[in-house]
Amino acid sequence: MSQEPDPQHQSNLESTVELDETEQLPRRRFLNLAGAGLLTIGFGSLAESVVGGLSEPLNQRVESLIFKPQQPVPEFPTSAIEPDKLIVNSFRGTPAIANENYHLTIDGEVNNPLSLSMKDLQKLPFTEMVIRHVCVEGWAAIVQWGGVRLRDLLAIAEPLEQVKYVYFYSADGYYESWDLDSVMHPQTLMAYQKNGEALTPEYGAPLRLASPIKLGYKLSKWVTRIQLTSVLGQKRGYWEDLGYEWYAGL
């Protein structure tokens with residue numbers, strides 16, 4: 001969710017996240033092995049200056065090779081859904097956006113800028129998935145999400161050839177950026193449904209990001225604008241600009 005983690009208790013990204021007694025998040029084990037600091041917070045910016053002006057963070061280059069951002073993640077049966085485990089963290093309160101007034105803007109380096117209402121979005125092919133949502137604070141929940149594949153929306157917008165990054169802007173002022181490969185993953189959705197019902201405001205209605213390949217702070221709620229760009233700016237994400245890892249892959 002876009003509001004996590006709680007600013008009152010920011011978690012250490014290099015600590016191991018316990019999912020249950022037998023399963024630990026594989027990515028955390030990798031980060032612990034990278035004790036020398038290869039993928040630690042802020043290293044991407046340092047590497048760019050040392051290596052000579054790389055146009056992408058080093059942790060993107062390394063992690064995309066390790067975590068294969070186009071490989072589908074195994075899903076769960078609906079019987080595995082954990083409706084009470086998805087925690088709502090606050091950021092700047094919950095914006096109230098009426099569906100009839102909502103529009104999603106997709107712009108930037110595209111051939112076909114879009115402004116889509118909820119009715120427009122709901123006319124597009126519907127996709128649902130049951131996946132594990134993982135928060136950097138150490139909790140996880142199995143959730144059903146339903147909505148539109150983000151890659152289907154981008155296909156309509158027709159990104160220019162040079163596009164490498166995608167920014168997400170939310171109604172509460174939250175912002176995030178992703179690498180294009182992760183955006184195009186077949187399980188990255190713009191969701192308007194949770195656990196078989198219409199998404200509610202506290203969970204990001206009218207529209208939010210949902211994906212099994214990123215930590216929860218990358219999964220923006222109340223998304224109102226998607227901007228495609230060839231350049232990753234100095235502002236990379238609300239929590240990332242405070243020191244959290246940018247790629248945040250699972």
Side-chain angles (χ1 to χ4, degrees), residues 1-3 44-45 48 53-61 63-64 69-70 91-92 95 97 101-125 127 145 147-192 204-211 213-242 244-249:
M1 290 175 285
S2 64
Q3 286 62 38
S45 298
E48 288 174 15
L54 293 175
S55 62
E56 58 191 26
L58 183 61
N59 67 2
Q60 175 192 345
R61 297 166 65 86
E63 292 196 40
S64 62
Q70 288 304 305
F91 173 64
R92 293 177 179 169
I97 308 171
N101 298 328
Y102 176 80
H103 281 81
L104 173 68
T105 298
I106 303 178
D107 61 7
E109 298 176 33
V110 298
N111 285 316
N112 185 29
L114 301 174
S115 177
L116 301 171
S117 67
M118 282 305 300
K119 288 184 178 180
D120 294 329
L121 291 164
Q122 291 169 350
K123 290 176 183 177
L124 296 172
T127 298
W145 300 108
V148 183
R149 283 193 179 97
L150 188 45
R151 67 180 185 182
D152 292 344
L153 290 174
L154 297 196
I156 301 171
E158 299 180 6
L160 301 183
E161 185 176 353
Q162 68 267 20
V163 167
K164 297 174 67 177
Y165 304 103
V166 179
Y167 275 84
F168 300 91
Y169 299 96
S170 299
D172 62 344
Y174 196 80
Y175 60 97
E176 262 300 343
S177 63
W178 286 38
D179 61 293
L180 184 61
D181 281 344
S182 295
V183 166
M184 299 296 285
H185 189 277
Q187 292 164 299
T188 297
L189 302 185
M190 298 309 301
Y192 51 81
L207 199 68
R208 63 162 295 151
L209 268 166
S211 180
I213 64 169
K214 296 289 185 183
L215 285 168
Y217 64 87
K218 303 294 287 187
L219 303 176
S220 301
K221 299 191 290 188
W222 310 299
V223 176
T224 57
R225 182 188 176 201
I226 299 173
Q227 179 190 26
L228 284 72
T229 178
S230 56
V231 178
L232 190 60
Q234 290 186 342
K235 288 190 173 184
R236 299 183 174 185
Y238 177 82
W239 289 108
E240 293 88 331
D241 292 344
L242 294 175
Y244 276 55
E245 182 195 357
W246 177 75
Y247 190 81

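Numbering starts at 1 and runs along the sequence shown.
The backbone N or O of G233 lies less than 3.5 Å from a partner atom in the side chain of Y167, making a donor-acceptor pair. One N or O on the side chain of W222 and one on the backbone of A205 form a donor-acceptor pair closer than 3.5 Å. The backbone N or O of Q162 sits nowhere less than 3.5 Å from a side-chain atom of E109 that would complete a donor-acceptor pair. Not one N or O on the side chain of T188 forms a donor-acceptor pair closer than 3.5 Å with the backbone of S211. Looking only at distances, no side-chain donor or acceptor of K164 sits under 3.5 Å from a matching main-chain atom of L228. S170 places a side-chain N or O within 3.5 Å of a backbone atom of K221 that can act as its donor or acceptor partner. Judged by distance alone, the side chain of R225 and the main-chain N or O of T105 form no donor-acceptor pair under 3.5 Å. A donor-acceptor pair is defined here as one N or O able to donate and one able to accept, closer than 3.5 Å; such a pair exists between the side chain of N112 and the backbone of I156. A donor-acceptor pair is defined here as one N or O able to donate and one able to accept, closer than 3.5 Å; such a pair exists between the side chain of W178 and the backbone of K218.
To the nearest 0.5 angstrom, Y247 atom OH is 11.5 Å from L215 atom CG. For the atom pair OH (Y175) and OH (Y169), the distance works out to 9.5 Å, reported to the nearest 0.5 Å. Within the model, atoms CG of L180 and OG1 of T229 stand 11.0 Å from one another, a figure rounded to the nearest 0.5 Å. Remark: L121 CG to D152 CG distance equals 11.5 Å, nearest 0.5 Å. Here H185 contributes atom NE2 and R149 contributes atom CZ; the two are 10.5 Å apart, rounded to the nearest 0.5 Å. To the nearest 0.5 angstrom, D181 atom CG is 12.0 Å from R151 atom CZ.
Between L153 and L114 the shortest side-chain heavy-atom distance does not fall below 4.5 Å. Looking at Q227 and D107, their side chains come closer than 4.5 Å, going by heavy atoms from C-beta outward. Residues R236 and D241 have side chains in contact (heavy-atom distance under 4.5 Å, counting atoms from C-beta outward). Counting heavy atoms from C-beta on, the side chains of L150 and I226 come closer than 4.5 Å. Considering only heavy atoms from C-beta on, Y102 comes within 4.5 Å of T224 through its side chain.
Take S115 and apply the side-chain hydrogen bond (donor to acceptor under 3.5 Å, both in side chains) test, not counting sequence neighbours, and it matches no residue.
Here the closest non-hydrogen pair linking K214 and D179 is NZ-OD1, 3.2 Å. Closest non-hydrogen pair, L232 versus S177, comes out as CD1-OG, 3.5 Å. The shortest non-hydrogen separation linking P206 to M118 is CB-SD, 3.8 Å. V223 approaches R208 most closely through the heavy-atom pair CG2-CA, 4.4 Å. Here the closest non-hydrogen pair linking W145 and A210 is CG-CB, 3.6 Å. The nearest pair of heavy atoms linking I106 to A157 is CG2-CB, 3.8 Å.
Ring planes of W239 and Y244: tilted class, angle from 30 to 60°.
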Full working for side chain to side chain contact (heavy atoms under 4.5 Å, CB included) between L154 and V163: CA-CA 11 Å; L154 297 196; V163 167; over 6 Å; no

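Remark: the S220 side chain and the E176 side chain contain no N/O donor-acceptor pair separated by less than 3.5 Å.
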